[in-house]
There are 2 protein chains.
Amino acid sequence: MNLKDLARTLGLSPTTVSRALNGYPEVSAATRTRVSEAAKAHNYRPNTQAKRLATGRAMAIGHVIPISTRHEIVNPIFADFIAGAGEVYARAGYDMLLTIAPDDDEARAYREIRSKGNVDGIIVHGPKEADPRIPLLTELGLPFVVHGRATGATLPYSWLDVNNARAFERATEFLLDLGHRRIALVNGLEFMDFAIRRRRGYETALAARGIALDPALTTSGEMTEAQGAAAARAMRALPDPPTAFLTSSLLSAMGVRRVVEAAGLRIGRDVSIVTHDDDLGYLKNGDDEPIFTATRSSVRDAGRRAAKMLLALIESPDAAPRSELLEAVLLVGQSTGPAPALRADPTTLPSPTLPSASAPFSGEQG
Amino acid sequence: MNLKDLARTLGLSPTTVSRALNGYPEVSAATRTRVSEAAKAHNYRPNTQAKRLATGRAMAIGHVIPISTRHEIVNPIFADFIAGAGEVYARAGYDMLLTIAPDDDEARAYREIRSKGNVDGIIVHGPKEADPRIPLLTELGLPFVVHGRATGATLPYSWLDVNNARAFERATEFLLDLGHRRIALVNGLEFMDFAIRRRRGYETALAARGIALDPALTTSGEMTEAQGAAAARAMRALPDPPTAFLTSSLLSAMGVRRVVEAAGLRIGRDVSIVTHDDDLGYLKNGDDEPIFTATRSSVRDAGRRAAKMLLALIESPDAAPRSELLEAVLLVGQSTGPAPALRADPTTLPSPTLPSASAPFSGEQG
DNA sequence: GACTCGTTTCAAAGCGCTTTGGATGACCAA
DNA sequence: TTGGTCATCCAAAGCGCTTTGAAACGAGTC
């Protein structure tokens with residue numbers, strides 16, 4: 001059943017039927033209801049391809065998943081982000097198009113998407129430092145929103161990001177307030193923008209207290225359980241091991257916890273852990289009360305917001321780039337506690353006033 | 001630059017240009033090279049929508065991600081599966097279309113996809129017992145391949161599945177051979193087909209040795225770290241606790257491991273763990289040598305194979321349904337060992353011949 | 001030289017929709 | 001009655017491609 005058929009059965013022209021269904025004013029109320037009832041009765045659905053060709057709008061959003069040819073790892077937050085974005089697209093009548101692009105010919109992938117013309121906009125995932133995709137997409141004139149940001153990008157662009165720097169600064173401050181001085185950072189791969197910002201936040205907090213950065217206490221790598229375990233094992237073997245760990249993912253935190261507990265120590269008493277928590281569906285940090293003290297920010301929610309932003313951008317293409325900075329929430333769980341009595345310097349005791357728990361941070365730029 | 005423009009610059013008709021580019025024989029070799037060189041030079045790319053409208057082929061595959069309105073959980077294996085499938089689609093010139101469908105109106109979602117006509121086929125994810133989507137899609141006449149199977153489906157359909165029953169039967173046998181008699185099953189949600197089959201395999205192996213099933217030793221639920229931990233905690237508290245755990249995911253296994261180690265016991269000596277390992281990019285079971293003894297089957301590879309199967313199905317729509325049963329590989333890691341000396345019955349000692357390690361199972365139906 | 005045949009190219013008709021630019025009445029004011 | 005204004009509806013021209021049916025042309029055959 002296509003438009004022409006429907007029009008014929010109604011004794012109307014395709015023009016009128018089309019207008020009736022698409023809410024144009026040049027059609028009487030009576031005809032409109034008659035048409036839309038017939039459409040429902042015959043289960044008519046306009047052919048997407050034809051509509052697209054006629055309107056020039058693809059009614060689809062592209063998501064390009066970068067896959068590192070080296071690690072072959074798919075970012076585990078991706079599924080949740082997509083789920084959030086997908087909700088928004090579905091409501092707005094948009095399709096979601098996925099492309100897997102190995103990172104060695106990303107540019108080609110984006111150019112091809114552009115010239116095939118089957119999406120109206122793109123969400124850029126996993127931005128790296130000075131990411132070349134930003135100038136590329138700007139040049140191509142394809143609306144896009146970056147999930148994250150790219151340090152060192154010169155052109156203005158639309159993005160949605162968690163305030164990673166502030167989150168990690170805050171987490172570090174929290175541990176410092178608890179009296180910790182040897183705080184380890186188990187970070188993601190540091191060519192990724194979010195990891196760069198997290199490290200920056202960590203370093204800022206340390207510097208503010210006049211604590212020297214110890215390179216032996218920081219590592220970066222893929223955020224897996226094994227990474228956390230390996231980092232903890234190596235750092236526990238140091239002459240002056242850390243009393244607290246700051247990790248970039250729940251998986252890493254779980255690895256740290258395992259090694260620490262295997263050494264006969266107790267998390268939250270002997271060793272503290274704070275982790276970032278993307279609040280993924282299948283990787284929950286406890287049910288009601290968090291297990292790990294964590295800076296939490298829902299990736300799913302980020303997906304929803306980024307999608308809305310992109311749709312708005314497509315609606316008004318000449319508007320200035322938008323951006324949204326989400327603040328992570330610091331949730332105090334059972335994995336943190338005062339630093340064990342300090343041998344070296346017994347004067348620096350935990351401050352009596354602990355930071356407030358679940359209040360979002362203030363909204364300054366990160 | 002569209003076909004007409006290109007034709008004009010070449011001094012040819014659109015017909016000839018189209019034929020030259022699409023490899024039709026009615027064009028001389030000289031013209032063909034001239035055309036394709038011009039196309040490359042002008043970076044011409046045929047408009048997807050127009051092509052689709054003209055040919056009637058959407059050149060896209062739909063993936064429908066079911067989201068439970070109750071749990072709101074996105075299956076973590078999804079990202080890897082998609083990555084595998086996406087490779088194949090990209091090579092074949094197909095797009096990948098994602099739809100998020102809450103499980104309360106799945107039927108509507110599939111009907112809509114069908115009538116909008118923007119995919120040539122569908123991959124069905126997360127089949128449940130007697131899944132209604134199979135008769136629905138058959139009725140709609142849309143080619144589809146199920147990742148998994150649906151126990152109790154009456155119509156023939158195309159599927160690709162891991163031999164879950166055999167894998168878990170084999171894992172159970174392995175533990176039995178090591179002398180374990182109290183073997184716990186930490187399963188996925190048992191309305192999912194794969195979980196039903198896994199339980200069946202487990203029960204088959206126990207029955208074959210005349211071991212009664214103890215309901216207190218089996219649980220099912222979402223496969224998270226917390227699930228594993230909770231199960232281990234509950235079961236360790238039994239008067240006759242299990243000496244071995246069989247889990248459905250690495251995350252669950254990690255939860256079990258944590259609780260067991262926290263009790264001061266050693267994995268592989270005091271308590272054994274075998275898990276199923278989907279070989280996900282971000283959740284590796286060790287690098288070279290596996291940490292957990294596991295039945296392994298790559299989800300990414302499954303994605304590739306399912307995609308190929310669907311494309312073949314689309315090529316020849318009248319062919320009989322296809323199917324592919326993948327056998328998991330049993331990899332012996334450090335998490336299993338002989339059952340601790342049995343108090344009740346010291347005669348049942350571990351058999352001296354251990355099952356062979358990395359050989360795939362035989363290919364019988366599961 | 002007329003005819004057939006194969007090769008190479010083209011004009012034009014779709015694919016199913018939107019949208020521009022009327023056409024047709026009905027209604028009212030003058 | 002005439003002219004103008006609305007409110008409705010429609011014919012036809014695209015959107016950019018494929019594909020059918022036919023034309024043009026040179027070469028081979030008698």
Side-chain angles (χ1 to χ4, degrees), chain A residues 1-39 42-60 93-95 112-120, chain B residues 1-39 42-60 93-95 112-120:
Chain A
M1 170 64 68
N2 58 20
L3 218 183
K4 205 155 60 169
D5 296 342
L6 186 63
R8 197 173 18 237
T9 63
L10 279 163
L12 289 169
S13 77
T15 310
T16 307
V17 176
S18 170
R19 284 189 162 147
L21 293 175
N22 292 314
Y24 282 79
E26 309 93 330
V27 64
S28 72
T31 322
R32 190 187 303 281
T33 57
R34 200 161 69 90
V35 168
S36 51
E37 266 162 23
H42 292 79
N43 197 28
Y44 167 75
R45 200 100 24 167
N47 178 300
T48 319
Q49 328 302 349
K51 192 163 194 158
R52 283 174 177 168
L53 183 57
T55 57
R57 304 191 59 180
M59 291 306 281
Y94 276 76
D95 284 337
E112 194 161 313
I113 288 171
R114 165 75 230 210
S115 51
K116 291 212 304 180
N118 46 6
V119 300
D120 297 317
Chain B
M1 169 66 65
N2 58 20
L3 219 179
K4 205 155 59 169
D5 296 342
L6 186 63
R8 197 171 19 238
T9 62
L10 279 163
L12 288 170
S13 77
T15 311
T16 308
V17 176
S18 169
R19 286 189 162 145
L21 292 175
N22 292 315
Y24 283 79
E26 309 93 328
V27 64
S28 71
T31 323
R32 190 186 303 280
T33 56
R34 200 160 70 89
V35 168
S36 51
E37 266 162 22
H42 292 79
N43 197 27
Y44 166 75
R45 199 100 23 168
N47 178 300
T48 319
Q49 327 302 349
K51 191 164 195 157
R52 283 173 176 169
L53 183 57
T55 58
R57 304 191 59 181
M59 290 307 283
Y94 276 76
D95 283 337
E112 193 161 313
I113 287 172
R114 164 77 230 209
S115 52
K116 292 212 302 180
N118 47 6
V119 300
D120 297 317

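Everything numeric here is computed off the predicted structure, so don't read it as measured data. Order of the sequence lines sets the chain letters (A, B, ...), proteins ahead of strands, with each chain counted from 1.
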Exercise for review: Using a heavy-atom cut-off of under 4.0 Å over every strand shown, decide if A:Gly117 touches base, sugar-phosphate, or nothing.
Suggested key: nothing
Review point. Between CG of B:Leu53 and OG1 of B:Thr48, what distance do you get to the nearest 0.5 Å?
Key: 12.5 Å
Practice item. By nearest nucleotide on DNA chain C, pick out whichever of B:Ala54 and A:Thr16 is the more 5' one. Key: B:Ala54
Review point. How sharply is the helix from C:dG1-D:dC30 to C:dA30-D:dT1 bent, taking the axes over five pairs at either end and rounding to 10 degrees?
Key: 70°
Practice item. Evaluate the side-chain proximity of A:Asp95 to B:Lys116: yes if any heavy-atom separation is below 4.5 Å, no if none is. Key: yes
Check your understanding: Taking CZ from A:Arg57 and C1' from C:dT19, how many angstroms apart are they, rounded to a whole number?
Key -> 15 Å
**Study point:** Distance, rounded to the nearest Å, where A:Leu21 contributes CG and C:dT19 contributes C1'
**Key:** 15 Å
Exercise for review: Check side chain to side chain donor-acceptor pair (under 3.5 Å) between A:Thr33 and all other residues, then give those that pass, not counting sequence neighbours.
Suggested key: none
Exercise for review: Give the minimum heavy-atom separation between A:Asn2 and A:Tyr44, together with the two atoms involved.
Suggested key: C-CE1, 3.6 Å
Point to revise | Working for side chain to side chain contact (heavy atoms under 4.5 Å, CB included), residues A:Leu12 and A:Arg34 | key: CA-CA 11 Å; A:Leu12 289 169; A:Arg34 200 161 69 90; 3.8 Å; yes
**Study point:** Near-strand residues of residues 28-39 of chain B, defined as heavy-atom separation under 4.0 angstrom from DNA chain C
**Key:** B:Ser28, B:Thr31
Check your understanding: So, do B:Val119 and B:Ile113 sit near enough that their side-chain heavy atoms are less than 4.5 Å apart?
Key -> yes
Point to revise | Minimum heavy-atom distance between A:Val27 and A:Ala20, given as atom pair plus value | key: CG1-CA, 4.0 Å
Practice item. Side-chain contact test, heavy atoms from C-beta onward, threshold under 4.5 Å: evaluate it for B:Arg19 versus B:Thr16 and give yes or no. Key: no
Point to revise | Positional range of nucleotides in DNA chain D within the contact set of chain B, heavy-atom, under 4.0 Å | key: D:dG16 to D:dG21
Review point. Quick one: CG on B:Leu6 to NE2 on B:His42, what's the gap to the nearest 0.5 Å?
Key: 7.0 Å
Practice item. Determine whether A:Asn118 and B:Met59 make a side-chain contact, defined as any pair of heavy atoms from C-beta on separated by less than 4.5 Å. Key: no
Revision key, fill the gap. Interatomic distance, CZ@A:Arg57 vs CD@B:Gln49, rounded to 0.5 Å, equals 12.5 Å
Please list, pair by pair, any protein nitrogen or oxygen found under 3.5 Å from a nitrogen or oxygen in nucleotides 20-22 of chain C.
unit_1	atom_1	unit_2	atom_2	d
C:dT20	O4	A:Arg19	NH2	3.3

Exercise for review: Starting at CG of B:Asp120, measure out to CZ of B:Arg52 and round the result to the nearest 0.5 Å.
Suggested key: 8.5 Å
Review point. With a non-hydrogen cut-off below 4.0 angstrom, is B:Thr55 in contact with a base, only sugar-phosphate, or nothing?
Key: sugar-phosphate
Check your understanding: With sequence neighbours left out, what residues match A:Glu112 under salt bridge (charged side-chain N to carboxylate O under 4.0 Å, His left out)?
Key -> A:Arg108, B:Arg45
